[in-house]
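This report concerns only the one structure given below.
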Amino acid sequence: MGSAALFARQFDKSAKRVKERLEEYMGEPENDEKVHDVRTALRRLEATFMLMPKKLRRRNRKQIDAHKQFFRSNSRVRDYDIIRGRIAARAQGDLFIQLAADLDRKRKSEVAGAVRMARRVSAMPAASLKGLKDGDLESRMDEVAGRLLRKVKKELPVVTADRKNVEELHRLRKDLKKLRYVLEAMPASRRKPHEKKASKILNGKKPAEERFKELQDMLGQIHDIDITVQYLSSLGKKEAIPVMQGEKAERDRLFDKFAKSVRS
């Protein structure tokens, strides 16, 4: 089976998963697990969109843009869930009640917009792969994987050099996710050389797939703390200072663990 046929199979699988999880999400938009599940499915579908040759990306532009818009509208909802969970572990009494109530109100407002976007995406026809050729697809796969590998290689030393490089860490986290899902969407024979390069860049003795998950978990926890501290700081509440201090101390510990992991 050629690359195009294998890719089409993977694309159909990802598209069906998104469709199913969208339905589940629209049935329970307040359920944080449904929010997480639909976002994971969307990331995998986004990877297949990225791997489409230019002609197909142009043809499916409406579908691609609609999925991205829903993901963005859903992102703030997910952030509020994360922030609420982290605050619950540190804040107590009246402070937690006040913060939680404010977060719940903001989340409810964001959910309404996200559900509207979910309905729009769900009603759209599936993207088309008609005319996809092995050669065009394989060139695009190597181009996308190579570009992401170069970005990650460039970003790693910048991030590990200074724990204050929050935006750079966020970009690295997103690029690692994109690289992981792009490689997953590629046929094994096409994926292997890129996985070898990834393992070398990430300084891991484990298989690339395990290494991706390992680093993503660490970077994800750091990012969760960053958005929590940023949110609390924006409120300007003196009572929240001890919570922020606790979060920052935890971030320092996690950052040191991450930096050591990619340096050693």
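- In this structure H67 satisfies the ring pair (Phe, Tyr, Trp, His ring centres under 6.0 Å) test together with F49, sequence neighbours excluded.
- Nearest heavy atom pair, residue P53 against residue R140, reads N-CG, 4.1 Å.
- Judged as a side chain to side chain donor-acceptor pair (under 3.5 Å), and not counting sequence neighbours, the contacts of R253 are E250.
- A donor-acceptor pair under 3.5 Å is absent between the side-chain atoms of R173 and the main chain of I222, judged by distance alone.
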Full working for side chain to side chain contact (heavy atoms under 4.5 Å, CB included) between R150 and K153: CA-CA 5 Å; R150 289 191 296 273; K153 184 177 181 179; 5.7 Å; no
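- You'll find the side chain of M186 stays beyond 4.5 Å of the side chain of Q10, heavy atoms only.
- More than 12 non-hydrogen atoms from other residues, nucleotides or ligands lie less than 6.0 angstrom from CD of E143.
- Between the CZ atom in F258 and the CG atom in D217 there is a gap of 12.0 Å [rounded to 0.5 Å].
- Between V35 and P29, the closest heavy-atom pair is CG2-O, 3.9 Å.
- Put simply, the side chain of K174 does not reach to within 4.5 Å of the side chain of K177, judged on heavy atoms.
- Annotation for P207 and S199: closest pair C-OG, 4.5 Å, computed over non-hydrogen atoms.
- Here the straight-line distance linking atom CG of L176 with atom NZ of K151 works out to 11.0 Å at 0.5 Å rounding.
- Rounded to the nearest 0.5 Å, atoms CD1 (I201) and CG (L179) are 8.0 Å apart.
- Remark: I64 CD1 to L45 CG distance equals 9.0 Å, nearest 0.5 Å.
- Looking only at distances, no side-chain donor or acceptor of R190 sits under 3.5 Å from a matching main-chain atom of M141.
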E155 and E168: CA distance, side-chain angles, deciding distance, side chain to side chain contact (heavy atoms under 4.5 Å, CB included) verdict: CA-CA 7 Å; E155 290 163 347; E168 290 83 355; over 6 Å; no
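- Screening E247, E167, R251 for a side chain to side chain contact (heavy atoms under 4.5 Å, CB included) with D226, the sole residue that qualifies is R251.
- Across every non-hydrogen atom of A47 and V182, the tightest pair is CB-N, 3.7 Å.
- Take D252 and apply the side-chain contact (heavy atoms from CB on, under 4.5 Å) test, not counting sequence neighbours, and it matches R163.
- To the nearest 0.5 Å, the span separating CD1 on I227 from CD1 on I82 amounts to 4.5 Å.
- No continuous path of hydrophobic side-chain contacts links V152 to Y181 [ILVMFWY only; heavy atoms under 4.5 Å].
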For residues 231-240, dump all side-chain donor-acceptor pairs below 3.5 Å to protein atoms at least two apart in sequence or in another chain.
residue: Y231; atom: OH; partner: D102; partner atom: OD2; Å: 2.8
residue: Y231; atom: OH; partner: K106; partner atom: NZ; Å: 3.4
residue: S234; atom: OG; partner: Y231; partner atom: O; Å: 2.5

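- Of all heavy-atom pairs spanning M50 and V144, the tightest one is O-CG2, 3.6 Å.
- When each of D79, D32, D104 is paired with R84, the salt bridge (charged side-chain N to carboxylate O under 4.0 Å, His left out) condition holds for D104 and for no other.
- Annotation: salt bridge (Lys or Arg N to Asp or Glu O under 4.0 Å) contacts involving residues 59-71, sequence neighbours excluded, comprise R61-D65.
- Sequence neighbours left out, the pairs with a member in residues 38-51 that pass side-chain hydrogen bond (donor to acceptor under 3.5 Å, both in side chains) are R39-S75, R44-E184.
- Partner of D81 under the salt bridge (charged side-chain N to carboxylate O under 4.0 Å, His left out) criterion, out of K34, R86, R107: R107 alone.
- M117 and M124 sit in two unconnected hydrophobic clusters of ILVMFWY residues. Membership requires side-chain heavy atoms under 4.5 Å apart, directly or through other members.
- A donor-acceptor pair under 3.5 Å is formed between the side chain of Q63 and the backbone N or O of P125.
- Comment: E195 does not engage K192 in a salt bridge, judged by the lack of any side-chain N to carboxylate O separation of less than 4.0 angstrom.
- Going from atom CZ of R76 over to atom OG of S109 covers 11.5 Å, rounded to the nearest 0.5 Å.
- Closest non-hydrogen pair, F11 versus A127, comes out as CZ-CB, 3.6 Å.
- For the pair N74 (side chain) and F70 (backbone), a donor-acceptor distance under 3.5 Å is absent.
- In the hydrophobic cluster analysis, where Ile, Leu, Val, Met, Phe, Trp and Tyr join through side-chain heavy atoms closer than 4.5 angstrom, I241 is grouped together with V243.
- More than 12 heavy atoms of other residues, nucleotides or ligands shown are found within 6.0 angstrom of CD on E30.
- The pair E20-R17 fails the salt-bridge criterion, with no side-chain N (NZ, NE, NH1 or NH2) lying under 4.0 Å from an Asp/Glu carboxylate O.
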Worked verdict on N31 versus Y25 for side chain to side chain contact (heavy atoms under 4.5 Å, CB included): CA-CA 8 Å; N31 187 316; Y25 168 79; over 6 Å; no
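- Looking at L202 and L156, their side chains come closer than 4.5 Å, going by heavy atoms from C-beta outward.
- In this structure, the side chain of D37 does not engage the main chain of R21 through any donor-acceptor pair within 3.5 Å.
- Put simply, the side chain of S139 gets close to the backbone of G135: a donor and an acceptor are under 3.5 Å apart.
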Steps toward side chain to side chain contact (heavy atoms under 4.5 Å, CB included) verdict (M52, L132): CA-CA 8 Å; M52 288 180 179; L132 181 62; over 6 Å; no
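- Applying the 6.0 Å contact sphere to CD of E209 captures no more than 12 heavy atoms from other residues, nucleotides or ligands.
- Classification of K19 and E23 as a salt-bridged pair fails, no side-chain N sitting under 4.0 Å from a carboxylate O.
- Note on V166 and L219: separate hydrophobic clusters, where clusters join Ile, Leu, Val, Met, Phe, Trp and Tyr whose side-chain heavy atoms are under 4.5 Å apart, directly or indirectly.
- Counting only heavy atoms from C-beta outward, the side chains of H194 and D142 approach each other to under 4.5 Å.
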